[in-house]
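The block underneath contains the structure these notes are about, expressed in structure tokens.
Letters A, B, ... mirror the listed sequences (proteins, then strands); counts begin at 1. Not measured: the values here are computed from a predicted model.
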Amino acid sequence: MSKAVIATTSMAGCFGCHMSFLDIDERILDLIELVEFNKSPIDDIKHFTKQCDIGLLEGGCSNSENVEVLKEFRKHCKILVSVGECAIMGGLPAMRNGIPIKECIDEAYLNGPTTKNCNPQRILPNDDELPMLLDRVYPCHEIVKIDYFLPGCAPRADLIWNALYALVTGDELKLPYEVFKYD
Amino acid sequence: MSRKITIEPVTRVEGHGKVTIHLDKAGEVSQSRLHIVEFRGFERFVQGRPYWEVPVLVQRLCGICPVSHHLAAAKAVDVIAGAGNGDGLTVTGDKMRRLMHYAQFFQSHVLHFFHLVSPDLLLGVDADPAIRNIIGVALQHKDLAVQGVMMRKFGQELIQATAGKKIHGTGAIPGGVNKNLSIEERDHFLKGADPLNADKMIEWSVAALDLFKDYYGKNKDMIDGFSHFPSNHLSLVRKDGALDFYHGGIRAVDSEGNKIIDYADYQDYTNIIGEGVKSWSYMKFPYLLSLGEEEGWYRVGPLARLNTCDFIPSPLAQKEFEIFKAHTNGKPNNMCMHYHWARIIEILHSAEVIKELLEDPDLQGTDLVATGERKDEGVGLVEAPRGTLFHHYNVNEDDQITMCNLIVSTTNNNVPMNKAVNFVAKAQMTGQTEITEPMMNMVEVAIRAYDPCLSCATHALGEMPLEVTMLDADGNEITSRKR
Ligand code: SF4
């Protein structure tokens, strides 16, 4: 049987969901028997080299580049899973929704106690090299179709493992109460 | 619901970190830049939240070292809650937080060494990218991969026992902690079945150090010569000059080891540090105000800590520290690749401290929270795995945050990372018209030595996507390579 191919990415997230994935600990060794990783920050593969079976998404979309990445994932993955609160509903970064982005930028680069006397020319990051910020932070399913959602901040390692195992093997998904948390 | 994405998607690689290199007319590298392309706006959107929320809220900037943010924020709100400036906690409160913190150091450094650096060491920097990763290590060196996985697991479980959760815990609260360590929990970590116990962790830390030293012995020229340049170094140190990850005063030394600042109270940090802004990066550029923006930049993290402290307060790590110091005749070590060496010495130190704390009956104490006179401003600093981390909050009479300022570890290393990129670019690319894969790799190796927590500043685990563009003197693109 050929191994299922998996891709993962972190967009506007904190990487905690990826860390929780690594918290499957010894099961990583079982996992690499079951799946093959493609594009993922866990390995050295930076661009999709083939069509993937499952894409795991951490974080929502905060800038134009996140949107690009998400659309790439939709194109290259049969199944997309939103992992964690940021992917599902924007999470902490979405606390900026409802505040004009200008106020966020000014606070960080002009008004802060360690910048206010150190930026006499009132420079703001605005180079062409920087992707454009979106008007607000979007959850993944508002940009593309998402197939499954794993809640939690971060979702417990057991939940990620159970879900992935079920998707890869076709076994029934086990969701005991203890592994399913909203936080 | 109406939805509008107003921004045209730019065709660009997933570039959280991105490097541009400029050549002048003579083909010399005239400028190279590491751009950080993510922005959160935390300083503004946390305003209005009650101050006791920040220890659980702010850590969601970074899931790689959440405990560091959790504790830096907690130390700042301790000040607000009247629990003193790092000295007002109950013994149990203080030691529980230390245990949480050293567990975090242990797991975070282990993650960096085994998951991100060992592939280069074991499989070679020029190995096929498809196998040059932790999975490749697991396939070829299973024992070592198991060690890395189990060491990280030990650290994560200890974080769970002290903070309540492995990621984004809730253990630290204003003025203390919300739980102590039960006898069962203690025994689990002290006497746990092989290999999950403190003694084994010390043994494996020594083995990791041997692995590095063996590699160093065979690749001395590369490790010593690869990207070295003088800099200032900054960290917290304990009052007696000892290495301390959790609390201390700010010390900065210059590249010769002369003290620029010693044991400064960090409540005054705004008189010590300023941050420059550049249009091409969301990450700011901190420096020592007394030396100015040009001269005042500094390094933080494992290398800087071993350069600023006078000794390491645990026996095995102290011995290794002496060997490390002898290498540069007691002067500060300015070699970029020696970050790795310093980091593993810190793994060993963390394991030793963890064992010592676990054996301390104060962890079973029941006096968990201190209170005192309420203040309306607080600054909290810790040494995070990647360097000094600053949190600063003001509150109003309704307990709402009115101002928040953060300087994260990776931001403190912004200038040195840019210098490292420049150093390698100059050495590798001057006069070249074509950029090769090994050149790209060198740039990445230089950045990786700093273990940039690109989650705080942006995100991407160690291996960051890079885009190198070469421009001629008129700004025309000569060549570009993405990975
Ligand atoms: S859901 Fe939580 S753990 Fe996951 S990326 Fe968001 S903040 Fe981090």
Side-chain angles (χ1 to χ4, degrees), chain A residues 9-10 12-20 22-23 25-26 28-29 32 37 41-47 62-65 67-69 71 91-93 95-96 99 101 103-105 107-109 112-115 117-119 123-127 129-135 138 142 153-154, chain B residues 3-10 12 14-15 18 20 35 37-41 43-45 57 60-64 66 129-130 132-135 138-139 145-146 149 152-153 156 166-168 270 273-282 284 286 392 403 405 407 455 459-461 463 465 483:
Chain A
T9 188
S10 175
C14 78
F15 239 94
C17 291
H18 273 82
M19 290 296 116
S20 195
L22 289 183
D23 283 338
D25 298 326
E26 317 76 292
I28 289 173
L29 300 171
I32 59 180
F37 278 86
I42 290 174
D43 60 29
D44 247 3
I45 302 175
K46 278 134 183 164
H47 300 280
S62 168
N63 64 34
S64 56
E65 185 181 277
V67 173
E68 277 297 288
V69 170
K71 288 185 173 164
L92 176 117
M95 282 176 69
R96 84 160 158 88
I99 299 171
I101 191 71
E103 282 183 28
C104 294
I105 300 254
E107 195 65 17
Y109 301 101
T114 40
T115 38
N117 299 321
C118 300
N119 188 5
I123 297 169
L124 297 176
N126 62 358
D127 200 86
E129 303 293 346
L130 306 176
M132 296 292 271
L133 291 162
L134 304 183
D135 59 337
Y138 293 83
E142 287 192 22
C153 176
Chain B
R3 173 157 64 95
K4 194 166 144 212
I5 302 170
T6 46
I7 320 301
E8 290 278 313
V10 204
R12 183 180 292 150
E14 180 191 0
K18 178 156 85 163
T20 53
H35 307 266
V37 302
E38 286 282 329
F39 174 75
R40 293 275 179 270
E43 295 87 346
R44 171 64 186 82
F45 69 61
L57 207 64
R60 284 171 165 86
L61 281 177
C62 174
I64 295 179
R132 196 185 57 216
N133 53 56
I134 183 64
I135 297 157
L139 293 172
V146 169
V149 166
R152 181 168 181 280
K153 179 177 181 175
Q156 288 290 85
K166 288 181 176 174
I167 294 157
H168 302 328
T270 54
I273 286 166
E275 291 182 283
V277 180
K278 309 245 192 269
S279 64
W280 45 268
S281 183
Y282 280 119
K284 290 182 265 189
H392 178 193
M403 189 285 301
N405 192 42
I407 309 177
S455 178
H459 38 69
L461 184 58
E463 307 280 339
R483 61 181 307 213

Q | Shortest non-hydrogen contact between A:Ala154 and B:Ile167, atoms and distance | A | CB-CG2, 4.3 Å
Q. With only heavy atoms counted, which part of A:Cys153 is less than 4.5 Å from chain B, the side chain, the backbone, both or neither?
A. both
**Q.** Per-residue contact mode, B:Lys278 against chain A (heavy atom under 4.5 angstrom)
**A.** backbone
Q: May I ask you to test the B:Arg40-A:Pro93 pair for a side-chain heavy-atom distance under 4.5 Å?
A: yes
Q: Check B:Tyr282 against A:Leu133 and note the closest heavy-atom contact, atom names and distance.
A: OH-CD1, 3.7 Å
**Q.** Atom group of A:Ile123 that falls short of 4.5 Å from chain B, counting heavy atoms
**A.** both
Q | Expected output: side-chain B:Lys166 to main-chain A:Met19 donor-acceptor under 3.5 Å | A | no
**Q.** Under 4.5 Å from any heavy atom of chain A - which part of B:Leu57
**A.** both
Q.
Can you tell me which of A:Ser20, A:Gly112, A:Pro113 forms the most heavy-atom pairs within a distance under 4.5 Å of chain B?
A. A:Pro113
(Q) Please classify the contact between A:Leu92 and chain B as side chain, backbone, both or neither, with a heavy-atom cut-off of under 4.5 Å. (A) both
(Q) Within the structure provided, determine whether B:Gln156 and A:Leu22 are in side-chain contact (heavy-atom separation under 4.5 Å). (A) no
Q. Just how far is it from atom OG of B:Ser281 to atom CG of A:Asp127, taken to the nearest 0.5 Å?
A. 9.5 Å
Q. Can you list the residues that meet the side chain to side chain donor-acceptor pair (under 3.5 Å) rule with A:Ser62, with sequence neighbours excluded?
A. A:Arg96
**Q.** Closest non-hydrogen atom pair, A:Cys118 against B:Gly274
**A.** SG-CA, 3.6 Å
Q) Quick one: are B:Leu61 and A:Cys14 in side-chain contact, heavy atoms under 4.5 Å? A) no
Q) Do B:Phe39 and A:Asn63 come close enough that some side-chain heavy atom pair is under 4.5 Å? A) no
Q.
For the CZ atom of B:Arg44 and the CE atom of A:Met95, what is their distance to the nearest 0.5 Å?
A. 10.5 Å
Q: Under 4.5 Å heavy-atom distance to chain A, tell me which part of B:Arg152 shows up: side chain, backbone, both or neither.
A: side chain
Q | pair A:Leu29-B:Val149: side-chain heavy atoms closer than 4.5 Å | A | no
Q.
Applying ring-ring contact (aromatic ring centres under 6.0 Å, His included), can you list everything that pairs with B:His168, at least two apart in sequence or on another chain?
A. none
**Q.** Closest heavy-atom pair and its distance - B:Gly41, A:Cys104
**A.** CA-CB, 3.9 Å
(Q) Just verifying a value: how many Å separate A:Asn119 CG and B:Lys284 NZ, rounded to the nearest 0.5 Å? (A) 9.0 Å
